[in-house]
Amino acid sequence: MTSNPGNLTIRECRPDDLAWLESLYPASFPEEDLLPLVRAMWNSSEEILSLAGEKDGIAAGHAVFTLGSIDGTERKIALLGPVAVDPHHQRSGIGSAIIREGLDRLKAEGIEQVFVLGDPAYYGRLGFLPGATVKAPYELPEEWSEAWQYLSLGNTDIAKEGRLHLPDFWMRRELWGE
Ligand SMILES: CC(C)(COP(=O)(O)OP(=O)(O)OC[C@H]1O[C@@H](n2cnc3c(N)ncnc32)[C@H](O)[C@@H]1OP(=O)(O)O)[C@@H](O)C(=O)NCCC(=O)NCCS
């Protein structure tokens with residue numbers, strides 16, 4: 001468990017967190033239903049790092065890293081997402097703090113590279129670089145190529161080709177654009 005300035009505590013999610021996640025996601029993503037993905041992750045035995053950020057003891061943000069590999073290699077990678085911060089607590093550093101904590105933990109576990117599909121304006125601040133050349137599980141729409149980002153966790157010999165291999169809950173076409 002890590003404490004940050006501003007009474008923010010970051011901890012791994014517990015089984016009883018599902019109820020607040022079920023209210024957090026519809027509030028943070030009013031136009032996108034991410035609950036099927038979140039529930040599938042929750043019920044899976046695959047390896048994920050699911051972190052909650054508590055502000056003054058109240059759960060206010062969440063981020064998940066899914067551990068995976070690159071097809072045909074032994075490389076250990078992770079995919080970041082989804083990330084959600086309660087609308088009342090957005091833009092106060094919670095999302096960034098949770099993600100940084102997750103990246104530190106993954107690095108300590110020997111994960112080489114982290115991928116994310118999201119806004120480069122946000123993830124670029126955390127060190128992600130646009131235009132990853134390792135492929136997403138499904139072909140992405142051309143206009144999302146910059147949004148497909150990667151971050152090396154200190155390894156200079158990072159993978160530049162191949163395709164991500166991820167647990168079944170990520171293997172739904174609609175999660176990667178129609
Ligand atoms: C995107 C999100 C996870 C960021 O978490 P957060 O705790 O609000 O963000 P932080 O406080 O760590 O960082 C704030 C900075 O990120 C940037 N930022 C925040 N939300 C952003 C967004 N949706 N797009 C681009 N940049 C964003 C801003 O530059 C902001 O800095 P500023 O206030 O000085 O302009 C959160 O706002 C959220 O849940 N939004 C709704 C859901 C969503 O869009 N999720 C996308 C991730 S999959």
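Indexing begins at 1, ligand by ligand and atom by atom, following the structure's order. Predicted, not measured: the structure shown is a model, and the values here were computed from it.
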Which atoms of ligand 1 sit under 4.0 Å from any heavy atom of Y123?
47 (C), 48 (S)
For atom 23 (N) of ligand 1, is the nearest protein heavy atom under 4.0 Å away?
no
Under a 4.0 angstrom heavy-atom cut-off, which atoms of ligand 1 come close to A84?
39 (O)
Of all protein heavy atoms, the one nearest atom 27 (C) of ligand 1 is Y122 CD1, 3.8 Å
W170 and W176: aromatic ring centres closer than 6.0 Å?
yes
Heavy atom of protein inside 4.0 Å of atom 1 (C) of ligand 1, strictly below:
no
Do any nitrogen or oxygen atoms of G93 come within less than 3.5 Å of a nitrogen or oxygen of ligand 1?
yes
For ligand 1, indicate whether the residue H89 contacts it via side chain, backbone, both or neither (heavy-atom separation under 4.0 Å).
neither
Side chain, backbone, both or neither: P87 near ligand 1, heavy atoms under 4.0 Å:
neither
Output yes when a side-chain donor or acceptor of Q90 lies under 3.5 Å from a complementary backbone atom of V85, and no otherwise.
yes
Suppose we measure from atom 39 (O) of ligand 1 to each protein heavy atom; which comes out shortest, and what is that distance?
V85 N, 2.8 Å
Any pair with a residue in residues 48-76 that passes ring-ring contact (aromatic ring centres under 6.0 Å, His included), sequence neighbours left out, goes on the list, sorted by first then second residue, please.
Y25-H62
Which of the ligand 1 atoms, numbered from 1, are nearer than 4.0 Å to a heavy atom of S96
10 (P), 12 (O), 13 (O)
